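Here's the structure, in structure tokens; my notes come after.
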Amino acid sequence: MEYSLVCHSLYALWSSPVKKKLILLGIMFLIWVYMLYSCVGYCSTMPSLVVDSYRGKETGSAVGKRTESSRADLMSRLLAKPQIWVDIEADYEEPSIRTAASRDLLNNEMETDRAEDWDELRGEQQRAPEPSAMSSFSNGSGSKKLPQAIIIGVKKGGTRALLEFLRVHPDIRAVGAEPHFFDRNYDNGLDWYRELMPKTLEGQITMEKTPSYFVTREAPARISAMSRDTKLIVVVRDPVTRAISDYTQTLSKKPDIPSFESLTFKNRTTGLIDTSWSAIQIGIYAKHLDNWLQYFPMEQILFVSGERLISDPAGELGRVQDFLGLKRIITDKHFYFNQTKGFPCLKKAEGSSKPHCLGKTKGRTHPNINPEVVQRLREFYRPFNMKFYQMTGHNFGWD
């Protein structure tokens, strides 16, 4: 009797069209909730599994294979004395112990560099668009890898412009701020360095840029110890113009620094150049390159012309894409020339539909420098430039 009543009640409930729809909707809702819960649980574990898998492979097979075969060679290279450099010009002197004034100036320059880094990072954050649901999902996938390519120099050569242009390419992922791992933060270890990198998918290249690496004596050995296959990119510029631009940057933050002329010369009467000033020293490209060639072959280093990056950005970007083994996606259609700033800008920046030019810290007006000082600097740099052209097999036309 009770059984027949229950059956009758269920039949009456099911026979009602409205109630039937409500029951079906309820069942579908429960199934949807269950599927969503399962998907969220699975997706939340994917990145860690990928990273653990990658780290396991790196610390296991890859490291294991190369440790025994390269340990002795690597140690011998790290401990080896640098190749003797025969000074090209008689009035060149190795930088001696810095005076108190030059030490103060160096500290000012380092503070200025850090301020520039923060300005660039803030600029990126301000122009970054709100992430969509799809981009958020994409950013959550992949894994963090050590960089396969690094822009190692030079300061005030056009490294920020190059990085911003390269980030348009879908197969390049780059960290925005300069990590300064191989010069200032090396003691933090490779795991710390890897965590700074963006996540990449299979086939994408991880990049970073820190222009001070090029002039850091320890940087080549340290990058080689991380990976001998790392591709290196150096943006070079007329060293005289570069030195003035370097001074202009410091002057914008520290208006009370000495004049360009007084910093350039050790002795104004004899015309002896003060190579202990970093603004001068950075531009002796041949001397710094000699240090890098102790650890990397020339075919792993690409030299980008800072001047042509302005006059023909698509052409220089084409060379960089070829060097990285990527399809030439960045072309003329991505650029327009900004007459006010005097350099090219992107029609559409990474992750944005709006045009983008570099920030106010780029393209500053240079102070007027005595033409005699400029001419003396050109005479000083000329033999070093000739040596650099010979080493790279490329005439950059600075003389």
Side-chain angles (χ1 to χ4, degrees), residues 109-110 112-121 123-124 147-169 172-184 196-198 205-216 219-220 223 230-239 241-250 278-279 281-283 285 288-289 292 301-313 315-317 319-321 323-324 330 335 341-346 349-350 356-364 388 392 396:
E109 290 171 344
M110 291 181 67
T112 302
D113 289 347
R114 292 192 180 100
E116 293 275 309
D117 290 349
W118 280 110
D119 288 344
E120 290 170 356
L121 187 58
E124 283 191 2
Q148 298 103 311
I150 304 176
I151 301 174
I152 59 173
V154 296
K155 179 184 177 185
K156 307 309 297 179
T159 58
R160 171 55 58 180
L162 178 61
L163 186 70
E164 290 296 300
F165 295 162
L166 284 174
R167 290 173 76 176
V168 173
H169 201 292
I172 292 177
R173 297 297 309 280
V175 61
E178 297 172 4
H180 284 281
F181 175 67
F182 295 104
D183 55 353
R184 302 176 192 167
L196 299 178
M197 300 299 135
I205 292 177
T206 303
M207 288 188 68
E208 70 115 317
K209 76 108 177 168
T210 303
S212 54
Y213 291 162
F214 188 63
V215 297
T216 300
I223 295 177
T230 306
K231 293 187 176 183
L232 309 173
I233 300 173
V234 190
V235 187
V236 289
R237 180 184 184 188
D238 180 341
T241 309
R242 197 221 66 81
I244 297 172
S245 180
D246 200 336
Y247 174 79
T248 304
Q249 174 181 301
T250 307
S278 65
Q281 192 180 112
I282 289 172
Y285 302 139
H288 302 303
L289 177 58
W292 285 90
I301 309 175
L302 178 70
F303 296 92
V304 174
S305 167
E307 287 82 11
R308 278 195 289 276
L309 196 59
I310 295 175
S311 63
D312 181 21
E316 287 301 282
L317 266 293
R319 294 179 59 239
V320 177
Q321 291 170 94
F323 175 70
L324 296 175
I330 307 171
F335 302 99
K341 285 184 170 290
F343 49 74
C345 301
L346 288 169
E350 179 200 28
H356 168 60
C357 281
L358 297 180
K360 62 182 180 180
T361 62
K362 307 301 179 184
R364 296 186 183 96
F388 184 63
T392 60
F396 289 89

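Keep in mind the model is a prediction, meaning the values are calculated, not measured.
Residues passing the ring pair (Phe, Tyr, Trp, His ring centres under 6.0 Å) test with Phe182 are Tyr193, Tyr213, sequence neighbours excluded.
Closest non-hydrogen pair, Leu309 versus Gly158, comes out as CD2-O, 3.5 Å. Annotation for Ala243 and Ala279: closest pair CB-O, 3.5 Å, computed over non-hydrogen atoms. When all heavy atoms are compared, the tightest approach of Pro239 to Gly283 is CB-O, 3.6 Å. Contact detail for Met207 and Leu324: the closest heavy-atom pair is SD-CD1, 4.2 Å. Residues Asp183 and Ser212 approach most closely at OD2-OG, 2.6 Å, considering heavy atoms. Closest of all the heavy-atom pairs between Leu196 and Pro179 is CD1-CB, 3.9 Å.
No donor-acceptor pair under 3.5 Å is formed between the side chain of Glu178 and the backbone N or O of Lys209. Judged by distance alone, the side chain of Gln321 and the main-chain N or O of Leu317 form a donor-acceptor pair under 3.5 Å. Side-chain atoms of Ser245 never come within 3.5 Å of backbone atoms of Thr241 as a donor-acceptor pair (strictly under, hydrogens ignored). Looking at Arg167, its side chain never comes within 3.5 Å of a backbone N or O of Val175 through a donor-acceptor pair. No side-chain donor-acceptor contact under 3.5 Å links Thr216 to the backbone of Ala219.
Considering only heavy atoms from C-beta on, Val154 stays 4.5 Å or farther from Thr159 through its side chain. Val320 is not listed as a side-chain neighbour of Ile330, based on a closest heavy-atom distance of 4.5 Å or more. Counting heavy atoms from C-beta outward, Leu302 and Lys231 have side chains that stay 4.5 Å or more apart. Between Trp292 and Ile223, the closest side-chain pair of non-hydrogen atoms falls below 4.5 Å. Looking at heavy atoms from C-beta onward, Ile301 lies in side-chain contact with Leu289 at the 4.5 angstrom threshold.
In this structure, CD1 in Ile282 is found 4.0 Å from CZ in Arg242, a value given to the nearest 0.5 Å. Rounded to the nearest 0.5 angstrom, Ile152 CD1 and Glu208 CD are separated by 10.5 Å. The distance from the CZ atom of Phe214 to the CD1 atom of Ile150 is 14.0 Å, given to the nearest 0.5 Å. Between Gln148 atom CD and Thr230 atom OG1 the span is 8.5 Å, to the nearest 0.5 Å.
Under the 6.0 Å cut-off for aromatic ring centres, Phe303 and Tyr285 do not qualify, their centroids lying 6.0 Å or more apart.
A side chain to side chain contact (heavy atoms under 4.5 Å, CB included) with Ile151 is found for one member of Leu232, Ile233, Val304, Thr210 and no other, namely Ile233. Screening Arg237, Lys156, Lys155 against Asp246 for a salt bridge (Lys or Arg N to Asp or Glu O under 4.0 Å) leaves a single residue, Lys155.
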